[in-house]
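Residue numbers start at 1 and run along the sequence shown.
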Amino acid sequence: MSRILAALQHHAASHPGKVALQDEHGALTYGELPAEIARLADRLRAAAPRAVAILADNGKAWALADLAAHAAGIPSIPLPLFFSPAQLAHVLRTAAIDLVLTDQPQRLLAALPTPSLSVASFCGAVMQVRQQPIEPAAALPAGTHKVTFTSGTTGEPKGVCLGWDTMETVAESLRIASAARRDDRHLGLLPLSTLLENIGGLYTPLLAGATICLPGLASVGLSGSSGLNAGRLLDALGDWHASTAIMVPQMLREIVAAIQTGAARPQGLRYLAVGGAPVAVRLMETARTLGLPVHEGYGLSECASVVAVNRPGDSRLGSVGKPLPHLELAFADDGEILIRGLRWRGYLGEDDAGAEPDVIATGDLGYRDADGFLFLTGRKKNLFVTAFGRNVAPEWVEGELAADPAIAQAACFGEARPFNCAVIVHRPGIPQAAIEAALEQANRRLPDYARVRAWIPAAEPFTAGNGLSTPNGRLRRSAIFERYAAQIDALYPS
């Protein structure tokens, strides 16, 4: 039996009345959970799909669908809610999905060339939609139990194939690292289709016997791929009496700004993990000053989401924490982080998908300090070389810029240029003088070759909706540069 299913049986026997899953529509105890998972797993076995996809809002039904697929031994493919019809069709075709569990069948119909589907109830508002798989289909590598598709707003997303051994190992390591416990109340703030929330926000609390609160995303202030209502998010943390949660940096930035302008700080938080994109040190410092127990982490889908994380009582600002105990880190000559110690199944549809690489080259640059904390310095592919031959990691510069409350986002450029420039998204109502002051302060903290000598205001924020960032906040630099190329060129003498 899997580690998670065994833990559920243990919790059912020892604490049957403890609430396991809770949403706006009710609760399910640990005593009730194993039987409900088994009932739904039997339904999936009877349907005998090749693979099952989940396209639904956060809630008990999403969690039950995922756990039932696990219990039935059927590979599952979480579908991000922000995917376009073309992307949904690509995933359905590539993974040869013949069964979809969804609370939004109309979106599914819009993504399919033939709308003739068999629809039946499954769990709550989630329906069971049967379809003929769209050919051609890529064979799932042996041992694949979940395919997580990398986030994207353009192009075809890539499927990372994972086995339960890897995912459960990461979930258990996170349980230890975060000191997860039975009296925790974890509030899901990210879509469960996000691997980080799926593993860190569902599997890890289940291992600990905690309560998992899964209200719909609109209830916690999320809309679309990047819309955020910070006031509603703060209210949700309080209303659900959350002790733990996972955020992306933009969420933290928004709630810090809200608290600084008078919003009430949520009480009862014990551990607030922040990941998915680099976090400015000053933002973390400010959050801690406000009493938020923030801990930065780092990971990637190929490693089942988490590689390193700061721990309660063992945390260092500016770092992404210490590696999880099941992993080994090494560094290439150029500083690229290399990871060993886990088994993954490669990318769906690629010839070497079943090779289970024993070394993952992350594409991230970094180093470890004498105490074992991992620090990131940028993305290998993002490094640019100035006209004076200096290497600059733009994430470093952007972090210094965005540390100032006046600057919401910044994208730094300077490849083959005599000086660096930035495209800056400033907060509403901020005068230009405040941006200039923020630049001056950031430049004082940077060496001369990394300083920003000129800037242009962005016409709109960098979001997943406009294709200028990923849903978790990573900038799409080529798209930003293309959008502002003429203005950037005008900053430099001809």
Quiz item: Can you tell me if Arg474 uses its side chain to pair, donor with acceptor, with the backbone of Gly276 under 3.5 Å?
Solution: yes
Quiz item: Under the salt bridge (charged side-chain N to carboxylate O under 4.0 Å, His left out) test, which residues partner Arg3, sequence neighbours left out?
Solution: none
Quiz item: Distance only, no hydrogens: is a donor on one side chain within 3.5 Å (strictly under) of an acceptor on the other, for Thr244 and Asp184?
Solution: no
Quiz prompt | salt_bridge(Arg451, Glu400) N-O dist < 4.0 Å | solution = no
Exercise. Inspect the contact between Asp404 and Arg282 and indicate whether a charged nitrogen and a carboxylate oxygen are less than 4.0 angstrom apart.
Key: no
Show me, pair by pair, the donor-acceptor contacts under 3.5 angstrom made by side chains of residues 328-335, not counting sequence neighbours?
from: Asp334; atom 1: OD1; to: Glu336; atom 2: N; distance (Å): 3.1
from: Asp334; atom 1: OD2; to: Lys380; atom 2: NZ; distance (Å): 3.0

Quiz item: Any donor-acceptor pair under 3.5 Å linking the side chain of His145 with the backbone of Ser76?
Solution: no
Exercise. Check whether the side chains of Glu172 and Tyr203 place a donor and an acceptor atom closer than 3.5 Å, and report yes or no.
Key: no
Practice problem: Would you please say whether a donor-acceptor pair under 3.5 Å links the side chains of Ser2 and Glu168? | Solution: yes
Exercise. Tell me whether the centres of the aromatic rings in Tyr492 and Phe419 are closer together than 6.0 Å.
Key: yes
Quiz item: At what distance, to the nearest 0.5 angstrom, does CZ of Arg253 lie from CG of Leu283?
Solution: 6.0 Å
Quiz item: Do Glu398 and Arg477 sit within salt-bridge range, that is, some charged N less than 4.0 Å from a carboxylate O?
Solution: yes
Quiz item: Is there a donor-acceptor contact under 3.5 Å from the side chain of Arg417 to the main chain of Asp489?
Solution: no
Quiz item: Heavy-atom distance under 4.5 Å between the side chains of Arg379 and Glu395, does that happen here?
Solution: yes
Quiz prompt | Under-4.0 Å salt bridge between Arg390 and Asp448 | solution = no
Exercise. Determine yes or no for a side-chain-to-main-chain donor-acceptor pair under 3.5 angstrom, with Thr289 supplying the side chain and Glu285 the backbone.
Key: yes
Exercise. Begin with the C-alpha distance, continue with both residues' side-chain angles, and end with the deciding distance and a verdict on side-chain hydrogen bond (donor to acceptor under 3.5 Å, both in side chains) for Ser315 and Arg288.
Key: CA-CA 12 Å; Ser315 184; Arg288 289 193 177 182; 2.7 Å; yes
Quiz item: Does the gap between the ring centers of Phe384 and Phe413 come in under 6.0 Å?
Solution: no
Quiz item: Going by distance alone, is a donor N or O of one side chain under 3.5 Å from an acceptor N or O of the other, for Asn420 and Tyr449?
Solution: no
Self-check item: Test log, rule side-chain hydrogen bond (donor to acceptor under 3.5 Å, both in side chains), inputs Lys322 and Asn310
Solution: CA-CA 6 Å; Lys322 294 179 180 178; Asn310 280 287; over 6 Å; no
Quiz item: What orientation do Trp164 and His70 show, parallel under 30°, tilted 30 to 60°, or perpendicular over 60°?
Solution: parallel
Quiz item: Can you tell me if His326 and Thr169 form a side-chain donor-acceptor pair at under 3.5 Å?
Solution: no
